Amino acid sequence: MNAQPIHFKPSEGFRERAKAVVDNPFLRQSFRGAMDFLMTKRAAQFPDAEELESLRTLGEHIRQYNLGKLPDLLVQLEENLARNGIHVHWAETPDEANAIILGICQKHSAKLMVKGKSMVSEEIELNHAAEAAGIGALESDMGEYIVQLAGEKPSHIIMPAIHKTKEEIATLFHEKVPGVEYTDNVDALIQIGRKVLREKFLEADIGLSGVNFAVAETGTLCLVENEGNGRMCTTTPPVHVAITGIEKIVEKLEHVPPLLSLLTRSATGQNISTYFNMISGPRKPHEKDGPTEVHLVLLDNGRTQAYADEQLRKTLQCIRCGACMNHCPVYTRIGGHAYGTTYPGPIGKIISPHMLGLEATATMATASSLCGACAEVCPVRIPIPELLMRLREESFSAPHAKPAMRGQGAGYKGWVTAIWRVWAAVYRSPALYGMATWLGSRFRGLMPANQGPWTTVRTPLKPAPKRLRDLLRERA
Amino acid sequence: MSARDRILAKLRSAMPAENLAAPDVAGWYAGHRAVESSADKAARFRNCIELAHAEVHAVSAANWLKTLWEVLTAKGLTQLLVAPGTDHGRSAIGHLSLTGIACRPYDQAIETWKEEMFHRVPASFTGARAAIAETGTLILWPDEHEPRLMSLVPPVHIVLLDAGKIYNTFYEAMQQEGWKDGLPTNALLISGPSKTADIQVTLAYGAHGPKELVVLLMGEDA
């Protein structure tokens with residue numbers, strides 16, 4: 001298992017964070033509005049149900065086929081990247097990944113790193129590590145820039161600042177960006193961000209990015225984006241460092257078009273993103289721009305644990321489109337921050353336990369009505385509700401010798417199991433059942449008025465004065 | 001053991017004994033994407049990229065330089081970044097220099113003129129290698145003559161596209177051109193001007209890249 005320190009325990013305080021959002025009509029409206037917008041846009045991209053279903057089947061097949069030979073593909077990718085002149089690094093833990101990236105920064109005496117959108121860099125908390133090492137780490141995706149300026153974390157993997165209104169952003173820019181007058185005109189706000197960040201692209205020593213697909217046969221890193229900041233980060237600074245989870249690999253270039261189509265249509269309802277950036281090496285001798293050095297960091301951080309179990313491996317099929325969040329009734333009501341993890345929503349609930357251990361994440365899998373909307377829209381058909389059931393089982397079953405997951409049994413309580421044992425025994429025996437209901441109807445007045453979560457929104461439960469068998473006997 | 005060896009060992013010990021058969025990508029495209037005529041492809045390309053806020057002008061081999069000049073004049077642009085090592089770049093230099101538009105050649109490494117590129121270049125002109133009808137996408141393969149920042153930094157990007165080089169799908173483009181056997185340092189798909197919806201899902205153009213994308217679509221019948 002990974003010897004990774006747990007930075008935070010998402011399970012702690014989850015209910016309180018969720019309640020705070022549910023009680024805030026402003027935030028509720030923000031999330032509801034944005035999710036409705038994204039759902040409508042996605043639906044418009046898939047007018048033909050047969051096409052959608054067959055493309056999802058193909059997407060699932062491509063992802064499962066590639067996971068089926070993942071170690072071979074990683075080696076092939078490494079060879080081809082090396083042949084193309086890209087340095088490959090491997091990290092088992094976030095600390096190792098941070099050390100690798102900061103090592104590259106220090107080798108180049110870097111002062112500033114500009115970052116394209118990368119959830120994996122959030123996962124390893126690179127910004128904090130860089131700050132501690134005295135290196136500036138600046139987010140350049142507009143949403144990420146806003147969130148960083150506010151000292152927050154993204155609340156959605158595709159739309160990081162979805163929880164903020166334009167007025168809040170206007171105030172933020174006015175207070176934090178020198179010389180900026182208050183304006184809540186969205187175009188003007190974007191132009192302010194553009195101007196500030198352009199200077200930083202010029203200045204930066206290192207450009208950091210994530211990876212959407214890494215192609216093993218050609219040694220190519222593919223990035224999907226609309227803004228152009230990803231291209232800036234991978235083209236302008238002298239050194240480009242990409243970081244990705246080990247699962248985002250495809251064997252063949254021809255696997256990319258179907259996944260790209262599923263990704264952009266599912267994520268934001270676009271038939272394609274503005275930019276699709278395919279990088280196969282650093283600047284060649286006669287080329288006039290592009291980084292002279294390119295690195296790729298391959299991160300495990302619990303992914304090998306998910307891989308080891310046939311059912312849990314399906315978690316790794318994910319292409320990070322965020323459609324499961326957009327369609328989740330729980331996410332829509334509590335927003336991304338309540339989860340307390342880098343990846344919120346349904347995908348967050350099934351991937352985070354592998355990264356943080358079940359000790360920290362046991363209650364996450366219970367924040368679901370198992371309505372199944374996430375599985376229905378997942379472009380690669382991850383059976384999310386099934387996986388949530390499995391994680392509940394792993395969290396709350398008695399600890400055993402050969403657990404499939406770190407922290408198995410973390411939520412186990414002996415007395416709860418004992419109560420259910422008694423309940424089962426009573427229900428199996430007609431005599432015991434008769435006695436129990438007789439006692440219940442006689443002592444019904446002793447039921448407490450406060451019955452925990454039940455009585456927060458309902459009247460207290462009380463056994464009926466007459467049992468069903470008594471009523472039937474009276475009728476006879 | 002290194003991190004690499006440990007990760008690979010963990011994966012290998014858990015690898016399924018028998019993998020699925022390779023996915024049939026070709027079969028899916030054959031069954032779900034029509035092969036259209038050149039005219040239909042050009043129309044579909046144009047429609048899609050216009051929906052993404054690009055400006056498209058139909059031109060011919062005979063008049064594209066005139067249209068290029070008209071576009072620049074209409075936008076009040078007097079300076080254009082060009083690639084002197086390309087045919088279209090040389091033609092643009094030859095024609096535009098007579099009309100009072102200053103052509104700035106991208107002829108040296110970016111390190112020597114980064115400030116100018118980021119602050120004082122209002123527009124650029126490049127070719128496109130090909131395009132994709134399905135999504136309204138330009139395919140650019142930047143090289144030593146036409147470097148990658150040309151399509152990213154200047155606020156207006158003008159692209160010359162030969163309508164005969166439009167593929168039905170991305171898949172068809174990479175298969176027919178044999179991309180897997182040789183990709184450039186940086187291959188790009190561009191489907192409109194730079195944009196973002198990160199503030200209250202309100203669409204805004206010109207986030208970090210070009211605010212305007214102009215396509216000169218060169219056909220025979222224009």
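Please read all numbers here as calculations on a predicted model, not as lab measurements. To find a chain, count down the sequence lines: A is the first, B the second, and so on, and within it residues start at 1.
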Is the side chain of B/R4 donor-acceptor paired with the backbone N or O of A/H89 at a distance under 3.5 Å, no angle test? no
So which part of B/A173 gets closer than 4.5 Å to some heavy atom of chain A, the side chain, the backbone, both or neither? neither
For chain A, which of B/L51, B/I132, B/D107 has the most heavy-atom pairs under 4.5 Å? B/D107
Output the option from A/P282, A/G85, A/P71, A/A34 having the highest count of non-hydrogen pairs under 4.5 Å with chain B. A/P71
Shortest non-hydrogen separation from B/E115 to A/L202 and the atoms involved: OE2-CD1, 3.9 Å
Is any side-chain heavy atom of A/V186 closer than 4.5 Å to a side-chain heavy atom of B/Q200? no
Greatest number of heavy atom pairs closer than 4.5 Å to chain A - which of B/G27, B/S191, B/G31: B/S191
Between B/A9, B/G192, B/P16, which residue shows the highest count of heavy-atom pairs closer than 4.5 Å to chain A? B/P16
Surrounding NZ of A/K41 (heavy atoms of other residues, nucleotides or ligands, distance under 6.0 Å), is the total greater than 12? yes
Under 4.5 Å between any side-chain heavy atoms of B/K10 and A/D300, yes or no? yes
Using heavy-atom distances under 4.5 Å, tell me whether A/E78 contacts chain B through its side chain, its backbone, both, or neither. side chain
Of all of A/Y145, A/Y275, A/W90, which one pairs up most often with chain B through heavy atoms under 4.5 Å apart? A/W90
Check whether any side-chain heavy atom of B/K195 lies under 4.5 Å from a side-chain heavy atom of A/Q270, and answer yes or no. yes
Region of B/A187 in contact with chain A, defined by heavy-atom distances below 4.5 Å: both
Compare all side-chain heavy atoms of A/Y307 with those of B/M15 and state whether any distance is below 4.5 angstrom. yes
Could you walk me through whether B/H32 and A/S54 pass the side chain to side chain donor-acceptor pair (under 3.5 Å) test, one step at a time? CA-CA 9 Å; B/H32 290 88; A/S54 68; 3.0 Å; yes
Select one option (side chain, backbone, both, neither) describing which atoms of B/W179 are under 4.5 Å from chain A's heavy atoms. both
Which residues in residues 116-131 of chain B have any heavy atom closer than 4.5 Å to a heavy atom of chain A? B/F118, B/H119
Closest heavy-atom pair and its distance - B/A204, A/D187: CB-OD1, 3.4 Å
At their closest point, which heavy atom of B/D198 faces which heavy atom of A/P160, and how far apart are they? OD1-CD, 4.1 Å
Donor-acceptor under 3.5 Å (B/N186 side chain, A/G290 main chain): no
Where B/L183 and A/S280 come nearest, the two heavy atoms and their spacing: CB-OG, 3.8 Å
Short side-chain to backbone donor-acceptor contact, A/N277 and B/L188, under 3.5 Å: no
Winner by heavy-atom pair count (cut-off under 4.5 Å) against chain B, out of A/V88, A/T165, A/D309: A/T165
Against chain A, work out which of B/T137, B/L149, B/D181 has the most heavy-atom pairs shorter than 4.5 Å and name it. B/L149
In sequence, state the C-alpha distance, the side-chain angles, and the governing distance for A/N226 and B/S194, and then conclude on side-chain contact (heavy atoms from CB on, under 4.5 Å). CA-CA 6 Å; A/N226 284 318; B/S194 154; over 6 Å; no
If we define contacts as heavy-atom pairs under 4.5 Å, which of B/T112, B/L213, B/L152 has the most with chain A? B/L152
For side chain to side chain donor-acceptor pair (under 3.5 Å), just list the numbers for A/R231 and B/S151, CA-CA rounded to whole Å, side-chain angles, deciding distance to a tenth of an Å, and then say yes or no. CA-CA 10 Å; A/R231 286 187 61 200; B/S151 60; 2.7 Å; yes
Sort and list the pairs that fulfil salt bridge (charged side-chain N to carboxylate O under 4.0 Å, His left out) and have at least one residue in residues 200-217 of chain B, not counting sequence neighbours. B/K75-B/E212
With a 4.5 angstrom heavy-atom cut-off, could you sort out which part of B/M174 is near chain A: side chain, backbone, both or neither? side chain
Within the side chain of A/R313, is there an N or O that forms a donor-acceptor pair under 3.5 Å with the backbone of B/A14? yes
Closer than 3.5 angstrom, by distance alone: can the side chain of B/R6 be matched with the main-chain N or O of A/E92 as a donor-acceptor pair? no
Name all residues meeting the side-chain contact (heavy atoms from CB on, under 4.5 Å) criterion together with B/P23; count only those two or more places apart in sequence or in a different chain, and write none if there are none. A/L58, A/H61, A/I62, A/Y65, A/H255
Would A/E287 and B/T185 satisfy side chain to side chain donor-acceptor pair (under 3.5 Å), going step by step from the backbone distance to the final call? CA-CA 9 Å; A/E287 291 179 345; B/T185 331; 2.7 Å; yes
Residue from A/P258, A/A161, A/G33 scoring the most non-hydrogen pairs under 4.5 Å with chain B is A/P258
Test your reading of the model: is there a side-chain donor-acceptor pair from A/K288 to the backbone of B/E144, 3.5 Å cut-off? yes
Please flag which part of B/A26 lies under 4.5 Å from any non-hydrogen atom of chain A: side chain, backbone, both or neither. neither
A/M159 side chain reached by B/V201 side chain, heavy atoms, under 4.5 Å: yes
Top contributor to chain B contacts, counting heavy-atom pairs under 4.5 Å, from A/D72, A/L298, A/N66, A/T57: A/D72
Can you tell me which portion of B/P210 sits under 4.5 Å from chain A's heavy atoms? Options are side chain, backbone, both or neither. both
Kindly indicate whether the side chain of B/F170, heavy atoms from C-beta on, has any atom under 4.5 Å from the side chain of A/V256. yes
Under 4.5 Å to a heavy atom of chain B? For A/R63 that would be neither
Would you check if the side chain of A/E254 reaches a backbone N or O of B/K180 as a donor-acceptor pair within less than 3.5 Å? no
Near B/R44 CZ, under 6.0 Å, is it more than 12 heavy atoms from other residues, nucleotides or ligands? no
Shortest non-hydrogen contact from B/N19 to A/G68? OD1-CA, 3.4 Å
Any pair counted as salt bridge (charged side-chain N to carboxylate O under 4.0 Å, His left out), so long as it reaches residues 216-229 of chain A, sequence neighbours left out: none
Assess the side chains of A/D289 and B/Y106: does a donor N or O sit below 3.5 Å from an acceptor N or O? yes
Can you tell which part of A/A308 gets under 4.5 Å to a heavy atom of chain B, answering side chain, backbone, both or neither? both
Using a 4.5 Å cut-off on heavy atoms from C-beta on, say whether the side chain of B/T169 contacts that of A/P257. no
Can you find a heavy atom in the side chain of A/I246 that is under 4.5 Å from one in the side chain of B/L11? yes
Turns out that what part of B/Y205 lies under 4.5 Å from chain A's heavy atoms comes down to backbone
With side-chain contact (heavy atoms from CB on, under 4.5 Å) as the test, would you mind laying out the steps for A/K166 and B/T202 before giving the verdict? CA-CA 9 Å; A/K166 63 180 179 188; B/T202 307; 5.9 Å; no
Interface check, chain B: of A/H156, A/Q191, A/H163, most non-hydrogen pairs under 4.5 Å belong to A/Q191
So how far is it from A/R283 CZ to B/I110 CD1, rounded to the nearest 0.5 Å? 8.5 Å
Determine, step by step, whether A/M232 and B/V153 satisfy the side-chain contact (heavy atoms from CB on, under 4.5 Å) criterion, reporting the C-alpha distance in whole Å, the side-chain angles of both residues, the deciding distance to 0.1 Å, and the verdict. CA-CA 8 Å; A/M232 285 284 188; B/V153 179; 4.1 Å; yes
